[in-house]
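These notes are about the structure you will find just below.
Bear in mind the structure is a predicted one, so any value in this text is a computation, not a measurement. Both backbone and side-chain heavy atoms feed into the values below; hydrogens, waters and symmetry mates do not. Residue numbers start at 1 and run along the sequence shown.
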Amino acid sequence: MRTVLKLICFALILGACNKDEEIKETCLVDNPLEELFWLKQIKTGLEQSAAAGKAEIYEYTYKQQRVFSVNSCVGCSDSKTDVYNCGGNIMCEFGGIAGLNTCPDFDSQATHKKLLWKNHDQPIIDKDVYDNTTTDNYSITNIELNDDTLKISISFSGCSPDSDRIYLVDSESVLESTPPQRLLKLEFFKEESCLAAFNRILEFNINNLQVSSINELNLSIEGWNNNITYQY
């Protein structure tokens with residue numbers, strides 16, 4: 001009987017190990033939004049949903065795992081964020097009508113935060129994303145500001161003019177100066193290694209950068225030598 005129990009326990013442990021190995025293998029992808037089928041389905045569903053609000057997908061490292069958070073209605077009072085492992089299984093749930101928080105240590109333990117996708121044109125205001133944003137694969141050639149619309153012209157190399165990720169990210173801090181200053185970075189991410197030259201004009205609605213009781217800001221964008229005066 002003991003021998004049978006030992007065999008059963010060994011089989012369960014082996015099965016758990018195999019599952020962990022499968023998840024680790026699944027995580028060895030360069031572009032999770034395209035190479036993880038379940039995550040691609042979620043993104044496609046958000047893109048095609050007529051009722052979708054502002055939606056965002058982030059990547060983190062949590063409990064030594066690569067994980068992905070999905071919020072389908074950013075800023076909604078009853079919005080719910082689900083955190084998945086690479087196998088597409090929910091690890092954590094936050095918010096919703098029930099006010100869930102199944103991983104109370106997530107904010108303190110999750111690191112390497114990276115925005116993978118969003119469906120709105122406003123800047124992301126997040127220090128962690130700002131710190132992890134790279135700006136070395138393009139050059140800014142011009143910037144124009146008309147009312148709340150910021151137009152950034154860039155030149156870059158690649159196989160096509162498209163990008164896997166296009167985000168304007170704010171550092172989350174308002175620096176004391178006259179007028180006060182906000183720091184921003186543009187991420188224009190491409191996996192391609194071709195050397196063809198391209199130019200693009202990117203547009204962002206920056207009204208979420210406004211600060212109450214202030215009607216003017218200086219915007220400092222990494223890679224552009226001149227500050228942009230934003231009056232509202």
Side-chain angles (χ1 to χ4, degrees), residues 53-62 67-71 73-77 79 81 83 94-95 104-156 163-190 199-232:
K54 292 181 181 178
E56 296 172 358
I57 300 176
Y58 285 88
E59 177 182 326
Y60 296 85
T61 299
Y62 176 63
V67 301
F68 307 90
S69 74
V70 178
N71 186 338
C73 194
V74 177
C76 298
S77 58
S79 66
T81 299
V83 178
F94 304 104
D105 66 342
F106 189 82
D107 286 341
S108 61
Q109 298 300 316
T111 59
H112 300 90
K113 183 178 183 181
K114 179 168 65 177
L115 180 64
L116 296 183
W117 174 86
K118 65 184 177 75
N119 65 348
H120 55 95
D121 62 356
Q122 288 188 314
I124 297 297
I125 302 175
D126 191 297
K127 180 183 183 302
D128 292 336
V129 177
Y130 177 87
D131 290 342
N132 290 311
T133 296
T134 58
T135 62
D136 57 356
N137 59 343
Y138 63 85
S139 296
I140 297 177
T141 57
N142 191 47
I143 293 181
E144 295 180 11
L145 178 60
N146 296 308
D147 296 325
D148 296 329
T149 301
L150 184 69
K151 295 183 179 182
I152 304 178
S153 302
I154 62 171
S155 61
F156 56 95
S163 170
D164 298 313
R165 293 198 300 269
I166 303 173
Y167 309 120
L168 186 62
V169 189
D170 178 83
S171 68
E172 206 174 346
S173 298
V174 179
L175 305 183
E176 293 185 7
S177 61
T178 306
Q181 186 177 42
R182 302 198 74 135
L183 306 179
L184 298 106
K185 290 181 182 179
L186 171 71
E187 179 167 39
F188 187 85
F189 180 80
K190 296 177 69 66
N199 297 286
R200 275 191 66 174
I201 299 176
L202 310 172
E203 293 190 11
F204 302 93
N205 182 335
I206 62 170
N207 62 12
N208 65 331
L209 297 180
Q210 296 178 8
V211 179
S212 60
S213 76
I214 298 173
N215 59 14
E216 184 176 344
L217 288 168
N218 268 344
L219 306 180
S220 177
I221 301 178
E222 187 167 304
W224 186 247
N225 292 329
N226 302 316
N227 285 342
I228 301 97
T229 301
Y230 177 33
Q231 296 177 326
Y232 47 90

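- The two atoms that bring F156 and N137 nearest to each other are CB-O, 3.7 Å, heavy atoms only.
- Between Y232 and V211, the closest side-chain pair of non-hydrogen atoms falls below 4.5 Å.
- Note that the CG atom of N226 and the CG atom of N218 stand 11.0 Å from one another [nearest 0.5 Å].
- Under the rule for a salt bridge (charged side-chain N to carboxylate O under 4.0 Å, His left out), D121 has no partner lying at least two apart in sequence or in another chain.
- Two residues are said to be in side-chain contact when any heavy atoms from C-beta on lie closer than 4.5 Å; F204 and L186 meet this criterion.
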Quiz prompt | Audit row: V67, Y58, side-chain contact (heavy atoms from CB on, under 4.5 Å) steps and yes/no | solution = CA-CA 8 Å; V67 301; Y58 285 88; over 6 Å; no
Practice problem: For side-chain contact (heavy atoms from CB on, under 4.5 Å), just list the numbers for L202 and F188, CA-CA rounded to whole Å, side-chain angles, deciding distance to a tenth of an Å, and then say yes or no. | Solution: CA-CA 10 Å; L202 310 172; F188 187 85; 4.0 Å; yes
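- Between L115 and I57, the shortest heavy-atom contact is CD1-O, 3.6 Å.
- Just one residue in the list L168, I228, V169 forms a side-chain contact (heavy atoms from CB on, under 4.5 Å) with L184, and that residue is L168.
- Atom CD of E187 and atom OH of Y138 lie 8.5 Å apart (nearest 0.5 Å).
- Between the side chain of T141 and the backbone N or O of S153, at least one donor-acceptor pair lies under 3.5 Å.
- Looking at R200 and I166, their side chains come closer than 4.5 Å, going by heavy atoms from C-beta outward.
- Atoms NZ and CD, on K127 and E172 in that order, are 8.5 Å from each other to the nearest 0.5 Å.
- Atom CZ of F106 sits about 6.0 Å away from atom OG of S69, to the nearest 0.5 Å.
- Residues R182 and I125 are in side-chain contact: their nearest non-hydrogen atoms beyond the backbone lie under 4.5 Å apart.
- Under a cut-off of 6.0 angstrom, the local environment of CG in L175 is crowded, with over 12 non-hydrogen atoms contributed by other residues, nucleotides or ligands.
- A pairwise comparison of heavy atoms in V174 and P180 identifies CG1-CB, 3.7 Å as the closest pair.
- Atom CG of N142 is surrounded by more than 12 heavy atoms from other residues, nucleotides or ligands within 6.0 Å.
- A pairwise comparison of heavy atoms in A110 and Y62 identifies N-CD1, 4.1 Å as the closest pair.
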Practice problem: Carefully, step by step, assess D148 and Y230 under the rule side-chain contact (heavy atoms from CB on, under 4.5 Å). | Solution: CA-CA 8 Å; D148 296 329; Y230 177 33; 2.7 Å; yes
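- L217 has its side chain out of reach of P179: every pair of non-hydrogen atoms, C-beta onward, lies at least 4.5 Å apart.
- Between R165 and L116 the shortest side-chain heavy-atom distance falls below 4.5 Å.
- Within 6.0 Å of the NE2 atom in H112, the count of heavy atoms belonging to other residues, nucleotides or ligands does not exceed 12.
- Once rounded to the nearest 0.5 Å, the distance linking CD1 of I143 with CG of L219 reads 9.0 Å.
- In this structure, the side chain of Y167 engages the main chain of W117 through a donor-acceptor pair within 3.5 Å.
- In this structure a side-chain-to-backbone donor-acceptor pair under 3.5 Å is missing from K185 to E222.
- D170 CG to Q122 CD: the interatomic distance, rounded to the nearest 0.5 Å, is 12.0 Å.
- No more than 12 heavy atoms of other residues, nucleotides or ligands sit less than 6.0 Å from atom CG of N225.
- Closest non-hydrogen pair, N205 versus P123, comes out as O-CD, 3.2 Å.
- Nearest heavy atom pair, residue Q181 against residue N227, reads NE2-ND2, 3.3 Å.
- Using a cutoff of 4.0 Å between basic side-chain nitrogens and carboxylate oxygens, E56 and K118 are not scored as salt-bridged.
- When D128, D126, N132 are each tested for a side chain to side chain donor-acceptor pair (under 3.5 Å) with K113, only one passes: D126.
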